[in-house]
Amino acid sequence: MNEWKGSRFYVASEELMQAVNIAVALEKPLLIKGEPGTGKTKLAEAVSDALRKKLILWNIKSTTKAQEGLYVYDVVQRLYDSQFGSEGVDNIEKYVKLGKLGEAFTAKRQVVLLIDEIDKADLEFPNDLLWELDRMEFHIPETGRTVTAKHRPVVIITSNAEKELPDAFLRRCVFHYIEFPDKELLAEIIRVHFPDLNDKLLSQVLEAFYRIRSLPQIKKKPSTSEAIDWIQALIHGGVNPERIVKEVPYLGVLLKKNEDIDALRLNWR
């Protein structure tokens with residue numbers, strides 16, 4: 001395993017490190033899939049730290065359109081200004097605001113661009129970005145200007161695998177699936193956050209945590225971030241490690257649905 005150190009810590013497998021290096025070398029987007037809590041977003045933060053490059057985050061929602069990442073032309077503001085006689089209304093460039101992709105293209109130095117949770121958008125969203133990600137440029141018809149990337153950004157795209165992405169889009173990416181960490185890797189991740197953690201407490205946390213994740217009745221399984229929050233709660237509460245597996249204290253830190261909490265209480269042995 002490897003650690004990237006900077007303002008943030010990130011523990012990565014050798015395969016993930018290789019995927020990052022290959023994507024950078026080939027100048028292709030790195031598509032990262034995995035269930036929530038496996039560190040997909042944190043990866044981009046760690047890469048930006050390791051490369052000492054600015055991170056630009058484009059957080060995708062269900063309503064996000066590809067156009068928003070390029071630029072937005074505020075025609076309403078221009079109309080408003082023209083009605084009130086504001087100066088510079090004929091300067092259309094004044095009403096064009098670059099989106100996150102536009103910011104990455106026009107940055108003075110190379111940046112890391114994170115397109116986060118791309119599968120939240122509609123199915124046309126990835127296809128609408130193909131030209132821009134391939135050519136590293138886009139045209140603004142309102143001004144006649146073509147924005148060309150000064151430096152090709154390091155592009156990292158995350159997906160929770162909620163829906164399939166188009167084949168044409170996938171062909172242009174380097175792909176890596178982040179498996180949920182096993183006990184050994186999770187212990188290493190936890191040690192980064194809690195270097196002085198009691199060995200007994202750690203072993204009991206890992207035993208209880210993976211037993212909970214193995215229960216088929218649990219629909220929303222706890223993630224790495226919830227394991228870290230749970231440890232913080234256990235330390236804050238001064239919980240005796242002997243109680244952890246038997247009682248699972250502060251269960252609400254791990255499980256966030258009533259039915260999951262009820263299912264655990266019925267099936268915990």
Side-chain angles (χ1 to χ4, degrees), residues 20 22-33 40-41 44-45 47-48 51 53-159 163-175:
V20 172
I22 290 170
V24 172
L26 297 181
E27 297 185 330
K28 288 182 175 291
L30 175 62
L31 174 60
I32 298 291
K33 284 189 178 183
K40 300 185 296 298
T41 302
E45 296 174 351
V47 169
S48 74
L51 298 178
K53 298 182 185 299
K54 178 183 177 181
L55 175 65
I56 294 178
L57 169 60
W58 186 9
N59 198 343
I60 307 303
K61 301 177 182 179
S62 60
T63 57
T64 302
K65 301 299 180 184
Q67 174 69 33
E68 299 170 21
L70 307 179
Y71 74 95
V72 176
Y73 171 43
D74 194 346
V75 65
V76 174
Q77 184 62 50
R78 187 180 181 217
L79 178 61
Y80 178 85
D81 288 348
S82 66
Q83 290 176 337
F84 288 90
S86 299
E87 293 185 4
V89 72
D90 292 332
N91 180 14
I92 298 178
E93 193 74 48
K94 174 182 174 182
Y95 301 95
V96 172
K97 180 181 180 181
L98 293 178
K100 297 298 184 180
L101 201 60
E103 287 181 31
F105 283 8
T106 57
K108 293 182 179 180
R109 296 183 176 85
Q110 186 185 45
V111 301
V112 176
L113 171 65
L114 171 60
I115 304 176
D116 200 26
E117 298 189 327
I118 193 172
D119 53 331
K120 281 189 174 180
D122 63 43
L123 292 175
E124 292 305 314
F125 180 89
N127 283 333
D128 291 343
L129 287 179
L130 287 179
W131 173 270
E132 288 75 18
L133 292 177
D134 268 354
R135 303 287 181 170
M136 286 289 146
E137 67 177 28
F138 61 89
H139 186 66
I140 304 176
E142 290 84 357
T143 64
R145 178 163 68 107
T146 296
V147 177
T148 302
K150 294 180 179 179
H151 306 279
R152 179 179 287 269
V154 177
V155 181
I156 297 176
I157 303 170
T158 72
S159 168
K163 64 180 71 166
E164 289 297 321
L165 299 173
D167 289 344
F169 182 80
L170 294 174
R171 284 196 295 271
R172 289 164 168 80
C173 299
V174 173
F175 174 76

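Numbering starts at 1 and runs along the sequence shown. All values below were derived from every heavy atom in this structure, side-chain atoms included, with hydrogens, water molecules and symmetry-related copies excluded.
Closest non-hydrogen pair, K108 versus H151, comes out as O-NE2, 2.9 Å. What you find for P153 and L113 is that their closest heavy atoms are CB-CB, 4.4 Å. Annotation for H139 and P141: closest pair O-CD, 3.4 Å, computed over non-hydrogen atoms. Residues A66 and L129 share a closest heavy-atom pair of CB-CD2, 3.9 Å. Residue F105 comes nearest to E137 through the heavy atom pair CE2-N, 3.5 Å, listed as atom of the first residue, atom of the second, then distance. Here the shortest heavy-atom pairing between S48 and V112 reads CA-CG2, 3.9 Å.
Considering only heavy atoms from C-beta on, S159 stays 4.5 Å or farther from K40 through its side chain. Under the 4.5 Å side-chain criterion, counting only non-hydrogen atoms from C-beta, L101 is in contact with L133. Taking the side chain as every heavy atom from C-beta outward, L170 and F175 never approach each other to under 4.5 Å. Residues L31 and L165 have side chains in contact (heavy-atom distance under 4.5 Å, counting atoms from C-beta outward). Residues V111 and K53 have side chains not in contact (no heavy-atom distance under 4.5 Å, counting atoms from C-beta outward). For the pair F138 and L98, the minimum side-chain heavy-atom distance is below 4.5 Å. At least one side-chain heavy atom of L130 sits under 4.5 Å from a side-chain heavy atom of F169. Put simply, the side chain of T143 does not reach to within 4.5 Å of the side chain of Y73, judged on heavy atoms.
Sorted by first and then second residue, the pairs that involve residues 119-131 and meet salt bridge (Lys or Arg N to Asp or Glu O under 4.0 Å), not counting sequence neighbours, are K65-D122, E117-K120.
No more than 12 heavy-atom neighbours from other residues, nucleotides or ligands sit within 6.0 angstrom of NZ on K54. In this structure, R135 places its CZ atom where only 12 or fewer heavy-atom neighbours from other residues, nucleotides or ligands lie under 6.0 Å away.
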Given the rule in the side-chain contact (heavy atoms from CB on, under 4.5 Å) test, do W58 and I60 qualify, once you have shown the distances and angles that lead to the verdict?
CA-CA 6 Å; W58 186 9; I60 307 303; 3.6 Å; yes
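With rounding to the nearest 0.5 Å, the separation of CD1 in I115 from CD1 in I157 is 4.5 Å. Atom CD1 of residue I32 and atom CD1 of residue I118 lie 13.0 Å apart, to the nearest 0.5 angstrom.
Looking only at atom types and distance, the side chain of E142 has no donor-acceptor partner in the side chain of Y95 under 3.5 Å away.
Qualifying salt bridge (Lys or Arg N to Asp or Glu O under 4.0 Å) partners for R152, counting only residues two or more places apart in sequence or in other chains: E27.
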